[in-house]
Number of protein chains: 2
Amino acid sequence: MAKGHVRLADVAKAAGVSQGTASNVFSRPEVVREEVRERVLNVARELGYGGPDIKGRLLRAGRVNAIGVAAVEPLTYFFDDPWARSLMTAIGEVCDASGTGIAVVSAMNEERLAWNINSALVDGFILLCVEGGERLVQLTRQRQLPFIALALGIEDETIPAIGIDNISGGAAAARHLLELGHRNIAILSIGDVDGLVGVVAPERVDPEMEATPRDRMHGYWQALADYGIPREAVPIQGTLHDRSSTLMAMEALFSSANPPTAILAMSDKVALFAMQWLAERGLKVPEDVSIIGFDGVPEAAISLPRLTTVAQPFAEIARRSVTAILENAVPENREALDLELVVRDSTAAPRLR
Amino acid sequence: MAKGHVRLADVAKAAGVSQGTASNVFSRPEVVREEVRERVLNVARELGYGGPDIKGRLLRAGRVNAIGVAAVEPLTYFFDDPWARSLMTAIGEVCDASGTGIAVVSAMNEERLAWNINSALVDGFILLCVEGGERLVQLTRQRQLPFIALALGIEDETIPAIGIDNISGGAAAARHLLELGHRNIAILSIGDVDGLVGVVAPERVDPEMEATPRDRMHGYWQALADYGIPREAVPIQGTLHDRSSTLMAMEALFSSANPPTAILAMSDKVALFAMQWLAERGLKVPEDVSIIGFDGVPEAAISLPRLTTVAQPFAEIARRSVTAILENAVPENREALDLELVVRDSTAAPRLR
DNA sequence: GAAGAGTATTGAATCGGTTCAAAAAAATCC
DNA sequence: GGATTTTTTTGAACCGATTCAATACTCTTC
């Protein structure tokens, strides 16, 4: 019948024991005599005390048992974007196993970002740095919590990060198509740069493109060069990594006089959209057009046809990041993990002409 | 160069001001004289103080500015399941607008669940009660924070909940098919009950099925009855709401002598799997088979063909739940929101015979 | 130059617990 | 029965901030 809130101190007083004992009743029951324990518990029940408030404990302990995953994207990004979701799923698995909570923190605008990063109750951050990473890193560093960046394009070697080897991944993708016999290949690039939508000239890649797509591009080029195909011979269509710009890119690619027989897509997301466009156009995959994605998101495994792709080791990335945060042992040197070519049903030899 | 951690008190002492003033420098800078402010700020920088620790503030303020979303599912559920994701996306949008954080809390096993619920730093919970909801509700109630249950099947009227009108939603779906002229309809049900996979006799629905699918079923039956079709005439195939059991169900449905011309699927997820099966079998949607889903997840809008469905008002559900938690004003009476029939390309009149 | 009006700053209480050295009580031993 | 050991309990410090009444400064103004 207590007005307002019942605190541990209230219970202790009502039960006639010290606050220390009352605390023990809840957090280390084995240490207090059974008779006393019962009495305290009864009083607690009568008073409507719901057990120790986590806030007190955490303040004392200094850790919250949760990690934050942050991105410079709206909150919906975590539940929408296939790449982010794959990562979150993997992170979720690791956290589940260790009883760690996950807080998602996002921010569209600058001030929100700062506020969200600063007010998140977490023991450390995993940063999804697809874009605008610098600011995110800066803010996080200021908070003085362990953090680790994923998919970072920033050169700064002092930022702890786990990356993937986009160049050799790209090369593996291109090599796969080339080995199948394709010589007329087009590239679907991704990015957040408004200027890089539609036809993209190769010489604009290095100065203008973000690090991830740039590296993948160089991987493609590398393999193509091995087969004697110069980069100028391979059309690049830039997309904003969304549905509409992908559909436009496909439209452009296939309205040319000599449409490609195979497509190198820089993400599964874009590849999947492209497959939809092809299906609507009545073009069969892989008979008419082969397509290979990038990332290895789960959707790629259940699409029709199942998408060939270059898979990221999500589980490994998640395991390493979470462990690093939890043990406050972020790696000194950067690590670049290998990708794996996963051949499924969306690629085949080109039709004989 | 300070060993260990720098606290506000350290900064205050080093700058020769009271802790109160030091606090003001950071949280209400306008109230302290510029000269002093600068001095404190400088000292803070020298000492490597990264601004007030959120834990202290929160302890004082008593609120965390975050809400928890909990489910009796592995953490990956939130990023995998289309329904959960739709909801999370909507919740994310509302939270973004108000600067509220989101913590996802999950639990496969009993003890983890208790621990996770009790140690989540949140101001309240949104419960995704698809199954095993009782225990989740009980635990949450114990924590004495505001909470609201979604998709609750439990009858207990004292549990604050926001629901949807599954019966009239189901009726709308069935009516749509009936109006198009279908008379040979099959039902794809969903659930977590192992026994309810494969053929399900109508009389088992009420005693064995969970509330959500049961209500949807009654909605279907209601509309069917209006057209003079008895429930016994409509085959029910139970699925476990996953890919493999759905494919098996489709296999069973279409290996019968008289396969259906239309399918009532109890979720978009199942409907989408079913469409894949049909596509692989060379059956055209909607020409050969019409199919209507349930939920209105985003994937349904971009599938090929786009899926007709009965859409939940996710945005409205999210808005109400988050507001209720944040304002600690959970509704007394239960609310049931209306669903909306969204007609797209997966339903059409049956082929003339 | 004193009274009055603002503005800045201080100090102590507070949030809700945990922890640990020391004291008290109970059990064991000789 | 007293000394010793073991088990329980106590009380106060502590975690890292915010808050607010009270006090101490600065200006005005007459």
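Chain letters run A, B, ... following the sequence lines, proteins first and then strands; every chain starts at 1.
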Under 4.0 Å: is that the gap between some side-chain N or O of [X] and OP1 or OP2 of [N]?
X	N	answer
B:Arg57	D:dT18	yes
B:Ser18	C:dG11	no
A:Arg7	C:dG16	yes
B:Ser23	D:dA17	no

Worksheet item: So, does the side chain of A:Arg33 form a donor-acceptor pair with the base of D:dT8 at under 3.5 Å?
Response: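 Donor-acceptor pair under 3.5 Å: no.
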
Worksheet entry | Residue mapping more 5' on DNA chain C - nearest nucleotide basis, B:Ala61 or B:Val31 |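 Looking at DNA chain C, the more 5' nearest nucleotide goes with B:Val31.
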
Practice prompt. Tell me which of B:Gly16 and A:Gln19 sits closer to the 5' end of DNA chain C, going by the nucleotide each one is nearest to.
Written response: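 Its nucleotide being nearer the 5' end, the pick is B:Gly16.
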
Worksheet entry | Flag, side chain of A:Asn118 to backbone of A:Ala114, donor-acceptor distance under 3.5 Å | yes

Worksheet entry | A:Asp295 side chain vs A:Val297 backbone, donor-acceptor pair below 3.5 Å |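 No, A:Asp295 side chain to A:Val297 backbone: no donor-acceptor pair under 3.5 Å.
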
Round to the nearest Å and state the distance from [X] atom [atom1] to [N] atom [atom2].
X	N	atom1	atom2	answer
B:Arg63	C:dC15	CZ	C1'	15 Å
A:Lys13	C:dG16	NZ	P	14 Å
A:Asn24	C:dT19	CG	P	9 Å
B:Leu121	C:dC15	CG	P	19 Å
A:Asp10	C:dG17	CG	C1'	12 Å
A:Glu35	D:dT9	CD	P	8 Å
B:Arg60	D:dC15	CZ	P	18 Å
A:Lys55	C:dT14	NZ	C1'	14 Å

Response to the item:
Result for 5'-nearest mapping on DNA chain D, choosing between B:Thr21 and B:Leu59, is B:Leu59

Worksheet item: So with a 6.0 Å cut-off around CD of A:Glu332, is the heavy-atom count from everything else above 12?
Response: no

Practice prompt. Would you indicate whether the side-chain heavy atoms of A:Val36 and A:Arg39 approach each other to under 4.5 Å?
Written response: yes

Fill in: B:Val137 vs B:Leu127 side-chain heavy atoms within contact, under 4.5 Å
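Side chain of B:Val137 against side chain of B:Leu127, heavy atoms only: contact under 4.5 Å found.
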
Discussion item. Using a heavy-atom cut-off of 4.0 Å across all strands, would you classify A:Tyr49 as base, sugar-phosphate, or nothing?
Written reply: sugar-phosphate

Item to complete: Select base, sugar-phosphate, or nothing to describe what B:Gly20 touches, counting heavy atoms under 4.0 Å on all strands.
Response: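 Here B:Gly20 touches the bases of the nucleic acid.
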
